[in-house]
Each structure stands twice: as C-alpha cells, then as structure tokens.
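Model, not experiment: these values are computed from the prediction. Residue numbers start from 1 in every chain, and the chains themselves are labelled A, B, ... in the order their sequence lines are given, proteins ahead of strands. Computation of the quantities below employed the complete heavy-atom set of this structure, encompassing side-chain atoms and omitting hydrogens, waters and symmetry-equivalent molecules.
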Number of protein chains: 2
Amino acid sequence: MEAADQQDLSLKLFVVLSRAVQTITKRVEEDIKKYGLNPTEFAVLELLFNKGDQPIQKIGEKILLASSSITYVVDKLEKKQLLARKPCPEDRRVTYAVITPEGKQLMASIFPHHKAAIEEIFGGLDAEEKELMITQLKKLGFYAKGL
Amino acid sequence: MEAADQQDLSLKLFVVLSRAVQTITKRVEEDIKKYGLNPTEFAVLELLFNKGDQPIQKIGEKILLASSSITYVVDKLEKKQLLARKPCPEDRRVTYAVITPEGKQLMASIFPHHKAAIEEIFGGLDAEEKELMITQLKKLGFYAKGL
DNA sequence: ATATAATATCTCGATTTCGAGATTTATTGT
DNA sequence: ACAATAAATCTCGAAATCGAGATATTATAT
C-alpha cells in the first residue's frame, strides 16, 4: 500500500475513534449527571469505592488529572461529605482520601445502574466483538504509550 | 453468558477505550502544541482548510462545541489573523468563518507533519486491523448515538 | 400583514482544568 | 550530621468550556 493511503487510513481511524468516544462519553456523562456528580467526581469515588482509600497523589495518576485539579475535586467531595482527608502517620507528606459511609452508600446505590447504562450504550457489539476490540485497543494504547 | 459478565465486559471495554483514547489524544495534542495551536483551534482551522469556509454555527456542530465556546475560539483565531469573520449577505443572521492566507499557509505547512505523527501513533495496528476497527467503532458509535 | 416560532450569534457568570511555583516532609549522598 | 534532592500537597492565576439568556434576523402560521 502507498504510504499516503496508510496515513489516510490512520487519520480516518483517529477521526472515527474520536467521534465514537465523544458520543459514548456524552451518554455516560448524562447518566452520571443524574446522580448529582460530574465525571471527575464519579471517577474519584469509583476508585475509592472499588480500590479502597488512596493517597491523593495516586488518584491523580490513576485518573490522569493534574495535582492542582485533584485538590479541587477532593475539596468538593469533602464538602459534599462523600469523602474525607486522613493524614498518613508513616509519611507526613501524604494525605489519604477516604470514602465516607455516605459516599459508600451513594456508590452502592449508583453503581449497578451505571453498569447497566454502559451495557446498554455498548449494545452495538456482541461479546466476541467486544473481546476483540479490547485486545486491539490495548495493542494500540500500549504502542502509543511507548512512543 | 451471564448478564453480570456481559456488563463487566462492557465496563472493561469502556475503560480500555477511554484509556487508549486518552493516551492517543495526549500524543496528538503534544504534536499540535508544537505548532502553537490548541486542539480546538487546530480542529477549527482543519475544518476550514479541508472543507472550505463555514458558518460559525456549522463549526460547532462539526466539532461538537457549544456556541459560546465557538465564539471564544473564533475570536482567538481572528486575533491571530488565521481566520476572518465574513457576514453572509443572503442571511444576515449568519457569519462565515473564513481561513486567511496566513491560516492556509500555516495549515499547509502543518498538515503533512500532523498526518505523519498520527500514522506513527497508530503504528500498533496494520492496515487490515485498522479497517476492522473503523468498522466496529462506527457500529458502536452509530448504536450509541441512536439511544 | 402580523404575531409567533425558529435560527444564528454573542454576552456573561460559573465550572473545571492546567501549569508554575510555594511549602512541608522524606530521602540520598557526602 | 548536613546539605542537596526528591516527593506530596496546596495556592494562585489563566485558559477553556458550558448553559442560560439577550439580540437580531428569518421563517411560519393564522
């Protein structure tokens, strides 16, 4: 194949990928908004809910957010009483974000609906197609990351 | 397959998809930043460069940006002399965004590098795999949009 | 013909995110 | 032990985006 055609194919994939993700993300955000949270707040709570308490620093790494942004989101969730800050005794530079009982309760009531919503949004593909896409996306992401 | 497993699979696909796109987007944005533009500015200029002059309204539809945000971006590009506003004589509600010679020159010098950068970023898949992924993503996006 | 609807753009205030740099604490090298 | 370096968090100002609503113009329905 010509090099120019290859480039056009990659460009097209990039466009289609961006479009699909924008559409899907919009749907997911609509779903999350129903629960009174924005996507970032939800991501933080989901992390704490499913993976346990985290140093504030780690949250930023996991959900790819700048440290200053994390401070902002954690402040908001703290005001909403959905999480609390807890100083780390071993390393006094570190502060843990700890999900509160209210936060747990909220997530426990939200998460099943959230999963069902995503299942619906991804209904365009069957199980086998999803498996394959996961494999291919991992390959793609892995390669892009290593550049 | 159990319904719960299906949900887990969709959730996993959502996570992998989001991650891959975040990684890829970050690479592409790094590339664009080199040219002194942010992703939105680039998207607007690319649209005008490749598809010709557009009513401001249309730009928002194409790149999925709120009208107030379009005004902001067009203002910035106008200040940079990369585009100009031109009133539409037939419909006086409409203002066209018109790429300037400087804008064209910039895009002409940027676009080949941009395409090459994307080709490199998507190097993890061969042509056949890209074709398939395009097909599947379209299916996914089409379905999600129709919900 | 005229009132009503719709459309295109813009303004304004609020939200979210970022980057640079400050502060505090821990680790490392000498 | 001490200085230099690294790490975690926060503050601050700027940038980008949004939604609600204002304004001007066009289209529609009576």
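Here A:Leu64 is tied to no hydrophobic group at all, with no ILVMFWY side chain closer than 4.5 Å.
For C:dT16, the OP1/OP2 oxygens have a side-chain nitrogen or oxygen of A:Lys76 closer than 4.0 Å. For the pair B:Arg85 and C:dA8, the criterion of a side-chain N or O lying under 4.0 Å from OP1 or OP2 is not met.
The salt bridge (Lys or Arg N to Asp or Glu O under 4.0 Å) search around A:Glu46 returns none, not counting sequence neighbours. With sequence neighbours excluded, no residue satisfies salt bridge (Lys or Arg N to Asp or Glu O under 4.0 Å) with A:Asp53. Every residue two or more places apart in sequence or in another chain that forms a salt bridge (Lys or Arg N to Asp or Glu O under 4.0 Å) with B:Asp8 is listed here: A:Lys115. Residues passing the side chain to side chain contact (heavy atoms under 4.5 Å, CB included) test with A:Thr40 are A:Asn38, A:Ile63, A:Leu65, A:Val73, sequence neighbours excluded. Applying the salt bridge (Lys or Arg N to Asp or Glu O under 4.0 Å) test to B:Glu78 and every residue at least two apart in sequence or in another chain returns B:Arg85.
With a 6.0 Å radius and a threshold of 12 heavy atoms from other residues, nucleotides or ligands, B:Lys80 has its NZ atom above the threshold.
Using a 4.0 Å cutoff on non-hydrogen atoms, no part of residues 45-58 of chain A comes near DNA chain C. Residues from residues 17-32 of chain A that place a heavy atom under 4.0 Å from any atom of DNA chain D: there are none.
The separation between B:Lys79 atom NZ and D:dA15 atom P is 10 Å, rounded to whole Å. Taking atom CG of A:Leu83 as the reference point, atom P of D:dT9 lies 13 Å away to the nearest angstrom. Atoms CD (B:Glu61) and P (C:dT7) sit 11 Å apart, rounded to a whole Å.
The list of ring pair (Phe, Tyr, Trp, His ring centres under 6.0 Å) pairs with a residue in residues 38-61 of chain B, not counting sequence neighbours, reads B:Phe42-B:His114. For residues 81-109 of chain A, there are no ring pair (Phe, Tyr, Trp, His ring centres under 6.0 Å) pairs, not counting sequence neighbours.
In this entry the base of C:dA5 is syn relative to its sugar, with a glycosidic angle within 90° of 0.
Helical stems involving DNA chain D, defined as 3 or more consecutive Watson-Crick or G-U pairs under 3.5 Å, span C:1-4 with D:27-30, C:6-30 with D:1-25.
When every heavy atom of B:Ile134 is checked against every heavy atom of A:Lys12, the shortest pair comes out as CD1-CG, 4.0 Å.
Taking the charged nitrogens against the carboxylate oxygens, B:Glu30 and B:Lys33 have no contact shorter than 4.0 Å, which rules out a salt bridge.
Between the NZ atom in B:Lys139 and the CD atom in A:Glu129 there is a gap of 3.5 Å [rounded to 0.5 Å].
For the pair B:Leu45/B:Glu41, no side-chain contact is recorded, criterion being any heavy-atom separation below 4.5 Å from C-beta on.
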**Q.** Contact state string [nucleotides 17-29 of chain D, B base, S sugar-phosphate only, - no protein heavy atom under 4.0 Å]
**A.** BBB-----BS---
